[in-house]
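This is a predicted model, so every value here is computed, not measured. Because only heavy atoms are used, hydrogens play no part in the values below, and waters and symmetry mates are left out as well, while side chains stay in. Residues: numbered from 1 along the sequence shown.
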Amino acid sequence: MGKTTIEENLMKNGFHLSTVVGTSMMPFLRQGKDLVKVVPLTGKLSKYDIALFKRPTGEYVLHRVVKVKKKYYVICGDNRFLREKIPPEWIIGVAESAFINDEEIQMSERRQIDYARKICRTYWSRRIKNKVKRIINGK
């Protein structure tokens, strides 16, 4: 039996559960340690949602929605400084919950929404701090 895709899991089971690969959503989601439950998108994404999208190259990406526009979403990883314009047709699903340290955290929980607001609010100061740090370190 062949390996099923995320899209197939979403259609068959109504959700997809997997670990996170990469550091783009740190510190909230840690590579190889935390699980994310993604469900099919019904309707439009909202600001602060964590969307799973698939690039035309076939690469899956899990990042946070920082702005909702009429024709696209502006998405960025919590630990990244490059914002991307993502068309709605690339969106595969949305994170419903995360399993962190054996605790399930719903994305709709107040503490998660407060965290998302803080990450989005501090984007520019974190970006400037990162750039200054790179200049000081000669990179």
J.: List the atom of Gly14, the atom of Pro40, and the distance in Å for their closest heavy-atom pair.
T.: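 Looking at all heavy atoms of both residues, the closest pair is O-CD, 3.2 Å.
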J.: Backbone N or O of Ile100 within a donor-acceptor pair of the Glu103 side chain at under 3.5 Å?
T.: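 The answer is no, because no donor-acceptor pair under 3.5 Å joins these two groups.
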J.: Run the side chain to side chain contact (heavy atoms under 4.5 Å, CB included) check on Tyr60 and Glu7 step by step: do they pass?
T.: CA-CA 11 Å; Tyr60 291 102; Glu7 294 91 333; 2.6 Å; yes
J.: List the atom of Ala95, the atom of Val36, and the distance in Å for their closest heavy-atom pair.
T.: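 Looks like CB-CG1, 3.8 Å.
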J.: Calculate, to the nearest 0.5 Å, the distance between atoms CG and OG1 belonging to Leu29 and Thr23 respectively.
T.: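 So the CG of Leu29 and the OG1 of Thr23 are separated by 11.5 Å.
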J.: With a 4.5 Å cut-off on side-chain heavy-atom distances among I, L, V, M, F, W and Y, is there a chain of contacts connecting Val94 to Phe53?
T.: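 Yes; tracing contacts between hydrophobic side chains, which count when under 4.5 Å, links both residues.
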J.: Flag this pair as yes if the NZ/CZ of Arg64 is under 6.0 angstrom from the six-membered ring centre of Tyr73 and inside a 45 degree cone about the axis; otherwise no.
T.: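 The answer is no, since Arg64 fails at least one limit relative to Tyr73.
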J.: If you group Ile, Leu, Val, Met, Phe, Trp and Tyr by side-chain heavy-atom gaps below 4.5 Å, do Ile128 and Ile136 land in one group?
T.: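 Yes, Ile128 and Ile136 fall within the same hydrophobic cluster.
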J.: Determine whether the side chains of Arg111 and Tyr115 contain a donor N or O and an acceptor N or O closer than 3.5 Å.
T.: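 The answer is no; no qualifying pair exists.
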J.: Looking only at heavy atoms, what is the nearest atom pair of Lys71 and Pro88, with distance?
T.: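 Minimum heavy-atom separation between Lys71 and Pro88: O-CD, 3.4 Å.
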J.: May I ask you to decide whether Asp114 forms a salt bridge with Arg110, counting only side-chain N to carboxylate O separations under 4.0 Å?
T.: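 Yes.
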J.: Would you confirm whether Arg126, through its side chain, and Ile119, through its main-chain N or O, come within 3.5 Å as a donor-acceptor pair?
T.: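 Checked: pair present.
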J.: Is there a donor-acceptor contact under 3.5 Å from the side chain of Asp49 to the main chain of Leu45?
T.: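 Between the backbone of Leu45 and the side chain of Asp49 there is no qualifying donor-acceptor contact (under 3.5 Å).
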J.: So Thr122 and Lys129, side chain to side chain contact (heavy atoms under 4.5 Å, CB included) or not? Walk me through it.
T.: CA-CA 10 Å; Thr122 61; Lys129 183 178 175 182; over 6 Å; no
J.: Are the side chains of Lys54 and Trp90 in touch, meaning some heavy atoms are under 4.5 Å apart?
T.: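 No; the side chains remain at least 4.5 Å from each other.
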J.: Quick one, Cys76 with Phe81, criterion side chain to side chain contact (heavy atoms under 4.5 Å, CB included). Give me CA distance, side-chain angles, the key distance, then yes/no.
T.: CA-CA 7 Å; Cys76 185; Phe81 302 106; 5.8 Å; no
J.: I'd like to know if the side chain of Thr5 reaches the main chain of Glu8, judged simply by a donor and an acceptor atom lying under 3.5 Å from each other, with no hydrogens or angles considered.
T.: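 Yes; at least one donor-acceptor contact below 3.5 Å.
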J.: Is there a path of hydrophobic side-chain contacts, each under 4.5 Å between heavy atoms of I, L, V, M, F, W or Y residues, that connects Leu17 with Met11?
T.: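 No, it is not one cluster - the side chains of Leu17 and Met11 are not joined through contacts under 4.5 Å.
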J.: To the closest 0.5 Å, what do you measure between CD1 (Ile105) and CZ (Phe28)?
T.: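 So the gap between those two atoms works out to 5.0 Å.
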J.: Find the distance between CG (Leu41) and CD1 (Ile92) and round it off to the nearest 0.5 Å.
T.: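 Spacing of CG (Leu41) from CD1 (Ile92) equals 11.0 Å.
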J.: As a quick check of understanding, evaluate side chain to side chain contact (heavy atoms under 4.5 Å, CB included) for Val66 and Arg83, giving each step before the final call.
T.: CA-CA 9 Å; Val66 294; Arg83 292 182 171 192; 4.1 Å; yes
J.: Side chain to side chain donor-acceptor pair (under 3.5 Å): which pairs involve residues 26-46, sequence neighbours left out?
T.: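 Every side chain to side chain donor-acceptor pair (under 3.5 Å) pair that includes a residue of residues 26-46, provided the two are not neighbours, is Arg30-Asp34, Arg30-Asn101, Lys37-Glu96.
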J.: Check Ala51 against Val65 and note the closest heavy-atom contact, atom names and distance.
T.: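 Taking every non-hydrogen atom into account, CB-CG2, 4.3 Å.
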J.: Considering non-hydrogen atoms only, spot the tightest contact between Glu104 and Ser97 and give its length.
T.: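 So the two residues come closest at OE2-OG, 2.9 Å.
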J.: Treating Ile, Leu, Val, Met, Phe, Trp and Tyr as nodes and any side-chain heavy-atom pair under 4.5 angstrom as an edge, say whether Ile91 and Leu10 lie in one connected cluster.
T.: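 Per the 4.5 Å side-chain linkage, Ile91 and Leu10 are not co-clustered.
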J.: Could you grab the distance from atom CG of Leu35 to atom NE2 of His16, nearest 0.5 Å is fine?
T.: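 One finds 10.0 Å between CG of Leu35 and NE2 of His16.
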J.: Could you grab the distance from atom OG of Ser18 to atom CD1 of Ile6, nearest 0.5 Å is fine?
T.: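 Rounded to the nearest 0.5 Å, the OG-CD1 separation comes to 5.5 Å.
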J.: Regarding Glu84 and Arg55, does a basic nitrogen lie under 4.0 Å from an acidic carboxylate oxygen?
T.: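 So Glu84 pairs with Arg55 through a salt bridge.
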J.: How long is the straight-line distance from CD1 of Ile75 back to NE2 of His63, given to the nearest 0.5 Å?
T.: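 Interatomic distance, His63 NE2 to Ile75 CD1, rounded to 0.5 Å: 9.0 Å.
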J.: For a quick test of reading the model, state the closest non-hydrogen atom pair linking Met107 to Ile113 and the distance between them.
T.: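 Taking Met107 first and Ile113 second, the nearest heavy atoms are O-CG1, 3.9 Å.
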